[in-house]
Amino acid sequence: MRLLVLRFGITAHGILRAPAIAAQARLDRLGQRAYTLPPAIQSKPNPWSHVLVHSSHKALDTPGALTGFWLIRLLHRLQKIHRGQIADAWSNILLWLTHMSSSNNPGPTSPQSSHYMDSLSIEQRANAEFILAHIYVLKVKREVARGRHMGARGKEVGWKNAGDVRSTQVALISKAFNHACPGLLLNLLLDWNTGAALVSPQFLDNICAKYLTDAARIRGSLEVGRRIYDLVISDAGANRGVRTTGFVDALWTANNLKVAGRTLARLRLLEGSVEDSIISSLAIQLMQCACKASHINVASQIFDQYKPWLRKSPAAYNMLLHYRALAYDIFEVVAILKTMRANDVYPDAVTWTTIMSGMCLNGRIEQAMKLFALHLDFLPLQRKREDELEGDDMLYAPISCLMPVVPNLWQEWYANTSAGFTIHPYFVALLSGMAAHYQEPLSSSRRSRRPATDKSIPVPWLPTLATHKVLLKHLGRDHRLRELTTYYALLKRYWPHQYSQWSESSGCTGDGDGLRGIERMVRGYVSQTVPELRNIYGLGPDDMVGSSLFYYDYCGKILHLSSTPNSNLDSETRRKPDRLVFNKSLAAYALDGDIRTILGLMEKHPELHDVATWTELVRCVLTQIQDSPGDPHMLQPLASADWLAFLLDLEQRLSLRGIQFTQVTFGQIIQSAAQRSEFTAIPRVVEHMSQKSTVWFNVDMLRMVLGLKFPFHLKCELVKSTLTRNKYAKPDDKLLTLVARMAQRKEDVGRLPEIVYLFEQRYGVEMKAADYDYLASLCMRLGEADMSKYWVEARLSGARQLPMPAGSSTTTTAVVV
């Protein structure tokens, strides 16, 4: 028996200790006899456990010993251990520590950066970072949906089919690094394939210098990383049996908003005091993610659940108010304002700007300007001219004090009492009460000739650059040129004083860049509307006698211009116009179908060519086709290509120069084809986008196309082809509702089970109960009792649980992808 133990390492308890004996012998050869081997350590699924068992090693006690060089080697070892490529994990990690301690080359140390996460316990930090992990994934998902991470074709695994894998990984890692989440950061780096050039060695050094400087921070970060790993993997296992292949896959496939909310509730109940600012910060970020995902009811539930922490936060109320204001639900807006006033929270610039933006979006620009003028009228401290102000008077002089005595635009809006200018009386009462509280302490401070430093003084309203941009933008869209130019003249003359004084207190960056941006926007709108301004910039129309007015006579010139680099084009040496003014001028000519002027200006200013320039040229071509439906040359500009082939060939030539058509450009082409009832052209555009373009036919474009008038069966085929061929598509229940409500006939309803099954089977999107009821009632009106019974049963058990009805277009197996 003794021989068996010595030879094979078998103890009386049946534990195989051959790897441990080999590890001890290896340590003896390294001269580390004092560091004895602990009892038998079996392999654990959590890779960070293999490092934490060596937390007392002296290599971790040396300040600055852990650098990016050693961190990358640790990640390599842990990846191999986790994949089963290294059997003896204990001695392998110990060997890494031994080499690091014998290098005697500590990296640079930096003072510890103070952060609110450092004041939390290990368990509290783990839960807080776990919540932030789901918040960052939600933000990256939104970036993917908006097309910020597109281009790479990833594998069909979890989050890796969501866009460009490299940029998505970098986005998650950078968010964790910038927001002091070292435990999350270590797990993200562990999930990353270290053979790829994802982050630089300098960035790894920055990680170690910022978060892994001494033994306490290293051990704390490793322990937090271990707990986060357990939380993510265990939650993925409980999430309806979702199979994952890594840490980020588990994060990506989880219901991030629900899991983060549940963890935040658990963090609040943990032992030990958690600062209210941490709870409120995490709750506000969850509300923001819910609002951006259009889950307004979820945001309201979060606010109600954490009202003791959020009732004093204007940002939380602004999130609740945002979508109500944009929908012009004025009664809900007033109710939120009353709740704010009851909790002694005063509306800020974001609140009023959001309300005015909602008024403008709903065609109530008069009310928005009246509300704007109402704020300015409530701030008169004393009527002084600008040249009479001096010293501290200039610091506290409101905008109305700087206005001239003669009537101006804002006074004109305010004095108008027509029905279109009427605003809710609660706004008047609220602003007047705030003005009364504002003027009294401010006047006493002015008498003492000292600035008022009390930030609790309720300021009725300080307009920001965003406010002016909203109002100017909608004045330009409504073609109110007189009001637009008057507003801009008053703004440029009187507002710089206020921006220079508010820059320190309100976080403004000054009047320079902001006013220049407003000036460019105003010139863009005016140049598109007023021909005389285009002549001033040298962008007037081309009135050459005898030249053609139709695009098919310039096809060769257009293709040559698209394939010739800008450096080889002849351009004049005189001063070029602003790019925004140039493109807005082209937009005006495109709406008139003046292809001759557009080409002349593009040849004159080749250095201004971008995707907006070529989009306006495409718009001009489509305008001519729409205005001349009977001209055969419009539809067949070339002998070998029709109008659609010509535009798609133009897109390919421009892509070689790095100019890519956007969803806006392709959307214009699809809209033009649908208006001409050329329904076969729509699949050609979609096929071109999926095969030859970097721009995908996404769900937003699909919604736009479904709103056009063409047969329902073609819409169903377009939905199926988009969802089965575009692996970056992220449909939701709103898209399914849109498709279901378009069904009007018996044949339409027969095609819907296949669509519903595709949404549920591939994307897990279930149809709403109201849509099931609509389809069941529609079938009853059409006299299809069997089909109506099918929709009633599908509502109770789910469409995937039932066989296809007899009247459906295809069988169930036909849509399995």
Side-chain angles (χ1 to χ4, degrees), residues 325-326 328 330 349 351-380 386 398-424 427-428 431 460-499 511 514-537 578 580-581 583-585 587-588 591:
L326 295 186
Y328 198 69
I330 200 66
T351 308
W352 296 115
T353 302
T354 304
I355 294 175
M356 287 188 290
S357 178
M359 292 177 175
C360 295
L361 288 174
N362 289 273
R364 303 174 187 270
I365 184 68
E366 294 88 357
Q367 291 185 3
M369 291 295 295
K370 175 72 176 290
L371 183 59
F372 180 80
L374 189 64
H375 283 90
L376 301 178
D377 192 75
F378 276 138
L379 288 177
E386 182 180 0
I399 299 303
S400 53
C401 296
L402 300 180
M403 292 296 105
V405 179
V406 297
N408 55 58
L409 174 66
W410 291 301
Q411 293 175 353
E412 178 183 345
W413 284 103
Y414 178 68
N416 198 316
T417 59
S418 62
F421 290 78
T422 305
I423 61 175
H424 199 278
F427 293 150
V428 181
L431 288 170
W461 189 53
L462 297 179
T464 62
L465 290 172
T467 311
H468 300 311
K469 288 182 179 180
V470 166
L471 295 175
L472 288 170
K473 179 175 66 176
H474 288 283
L475 286 174
R477 288 180 177 178
D478 291 349
H479 304 288
R480 300 174 182 265
L481 294 180
R482 186 186 70 84
E483 292 87 349
L484 178 68
T485 53
T486 308
Y487 192 143
Y488 171 65
L490 293 172
L491 178 66
K492 189 174 182 180
R493 181 178 180 183
Y494 298 107
W495 236 266
H497 298 284
Q498 297 302 114
Y499 283 123
D511 62 310
L515 288 180
R516 280 196 293 268
I518 288 179
E519 184 178 1
R520 291 179 62 251
M521 182 182 67
V522 172
R523 283 186 297 165
Y525 283 118
V526 177
S527 62
Q528 184 175 353
T529 310
V530 183
E532 291 78 10
L533 185 64
R534 297 197 290 269
N535 294 330
I536 294 176
Y537 284 100
D578 186 79
L580 180 63
V581 175
N583 289 329
K584 289 294 183 179
S585 301
L591 295 176

Exercise. Are any of the side-chain heavy atoms of Lys584 and Thr529 separated by less than 4.5 Å?
Worked result: no
For this session: Mark yes or no: Lys473 above the aromatic ring of Tyr525, with NZ or CZ under 6.0 Å from the six-membered ring centre and no more than 45 degrees from the axis.
Result: no
Exercise. CD/Gln528 to CG/Leu580 distance, rounded to the nearest 0.5 angstrom?
Worked result: 9.5 Å
Exercise. Which value, rounded to the nearest 0.5 Å, describes the distance between Trp352 atom CH2 and Thr467 atom OG1?
Worked result: 12.0 Å
Problem set entry | Nearest non-hydrogen partners of Gln367 and Ile423, listed with the distance | O-CG2, 3.7 Å
Exercise. Got a sec, which residues hit side-chain hydrogen bond (donor to acceptor under 3.5 Å, both in side chains) with Arg480, two or more places apart in sequence or on another chain?
Worked result: Glu366
For this session: Please confirm whether the backbone N or O of Thr353 pairs with a side-chain atom of Ser357, one donor and one acceptor, at under 3.5 Å?
Result: no
Problem set entry | Interatomic spacing from CG in Asp478 to CD1 in Ile365 - rounded to 0.5 Å | 6.0 Å
Exercise. Under the 3.5 angstrom rule, does the side chain of Ser527 hit a backbone N or O of Gly524 as a donor-acceptor pair?
Worked result: yes
For this session: To the nearest 0.5 angstrom, please state how far the CD1 atom of Ile330 sits from the CG atom of Asn362.
Result: 10.0 Å
Problem set entry | Under the side-chain hydrogen bond (donor to acceptor under 3.5 Å, both in side chains) test, residues paired with Thr351 that sit two or more places apart | Asn318, Asp348
Problem set entry | With sequence neighbours excluded, residues passing side-chain contact (heavy atoms from CB on, under 4.5 Å) with Ala368 | Met356, Met359, Cys360, Leu471
For this session: Please answer whether the main-chain N or O of Arg482 pairs with a side-chain N or O of Thr485 as donor and acceptor at a distance below 3.5 Å.
Result: yes
